[in-house]
**Student:** 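Take this structure, written in structure tokens, and hold onto it; I'll ask about it next.
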Amino acid sequence: RQVAHDGQVLLVVGNLSREDRRGEVRIDGRRLGVPVSSVLTWPDRREVAAEDGRVRLEVPRLGYVLLLLGPGILASP
């Protein structure tokens with residue numbers, strides 16, 4: 001059964017270590033059903049460069065970053 005949605009996805013990238021982490025996250029947009037050409041952090045809506053489904057992030061220790069992706073995310077809120 002398929003669920004209708006607005007075509008956007010909110011991802012949680014977590015860091016369970018006690019040290020800040022910086023690295024690359026690979027997102028399979030095809031599997032999620034959304035393009036990975038535009039990615040924003042949420043809720044501050046800061047654009048993150050995405051290349052070939054990969055984004056570089058810094059995630060604070062014991063923290064997380066929310067990523068919004070999909071069509072229309074760059075439009076004004």
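Just so it is clear, the model here is predicted, and its values are computed rather than measured.
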**Student:** Got a sec, which residues hit side chain to side chain contact (heavy atoms under 4.5 Å, CB included) with R21, two or more places apart in sequence or on another chain?
**Tutor:**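 Partners of R21 by the side chain to side chain contact (heavy atoms under 4.5 Å, CB included) criterion, ordered by chain and then number, come out as N15, S17, E19.
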**Student:** List the residues meeting side chain to side chain donor-acceptor pair (under 3.5 Å) with R56, not counting sequence neighbours, and say none if there are none.
**Tutor:**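 Scan of R56 (side chain to side chain donor-acceptor pair (under 3.5 Å), adjacent residues dropped) gives none.
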**Student:** Roughly how far, to the nearest 0.5 Å, is CG of D20 from CG of L62?
**Tutor:**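 It is 9.5 Å, given to the nearest 0.5 Å.
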**Student:** Please examine the side chains of L10 and L67, heavy atoms only from C-beta on, and report whether any two atoms are closer than 4.5 Å.
**Tutor:**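 Answer no - side chains too far apart.
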**Student:** Tell me the closest heavy-atom pair linking V12 and Y64, and the distance in Å.
**Tutor:**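 Looking at all heavy atoms of both residues, the closest pair is CG1-CB, 4.2 Å.
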**Student:** Please enumerate all residues that pass side chain to side chain donor-acceptor pair (under 3.5 Å) together with R54, with sequence neighbours excluded.
**Tutor:**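 For R54, the residues satisfying side chain to side chain donor-acceptor pair (under 3.5 Å) (neighbours in sequence not counted) are E24.
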**Student:** Work out which heavy atom in S37 is nearest to a heavy atom in A50; give both atom names and the distance.
**Tutor:**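 Minimum heavy-atom separation between S37 and A50: O-CB, 4.1 Å.
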**Student:** Give me the atom names and distance for the closest heavy-atom approach of G29 to V36.
**Tutor:**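 Nearest heavy atoms, G29 then V36: CA-CG2, 3.4 Å.
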**Student:** Side chain to side chain contact (heavy atoms under 4.5 Å, CB included) between Q8 and V34: does it pass, once the steps are laid out?
**Tutor:** CA-CA 7 Å; Q8 297 178 352; V34 296; over 6 Å; no
**Student:** Return the set of residues passing side chain to side chain donor-acceptor pair (under 3.5 Å) with D44 (not counting sequence neighbours), or none when no residue passes.
**Tutor:**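 D44 satisfies side chain to side chain donor-acceptor pair (under 3.5 Å) with T41 only.
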**Student:** Please report the C-alpha distance between L68 and V39 in whole Å, then the side-chain angles of each, then the deciding distance to 0.1 Å, and finally whether the side chain to side chain contact (heavy atoms under 4.5 Å, CB included) criterion is met.
**Tutor:** CA-CA 6 Å; L68 180 65; V39 178; over 6 Å; no
**Student:** What residues, two or more places apart in sequence or in another chain, satisfy side chain to side chain donor-acceptor pair (under 3.5 Å) together with R22?
**Tutor:**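 Partners of R22 under the side chain to side chain donor-acceptor pair (under 3.5 Å) test: E58.
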**Student:** With sequence neighbours excluded, what pairs up with L16 under the side chain to side chain contact (heavy atoms under 4.5 Å, CB included) test?
**Tutor:**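 Listed in chain order: nothing, the list is empty.
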**Student:** Should L66 and L11 count as side-chain neighbours, where that means a heavy-atom distance under 4.5 Å?
**Tutor:**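 With C-beta onward as the side chain, the pair stays apart.
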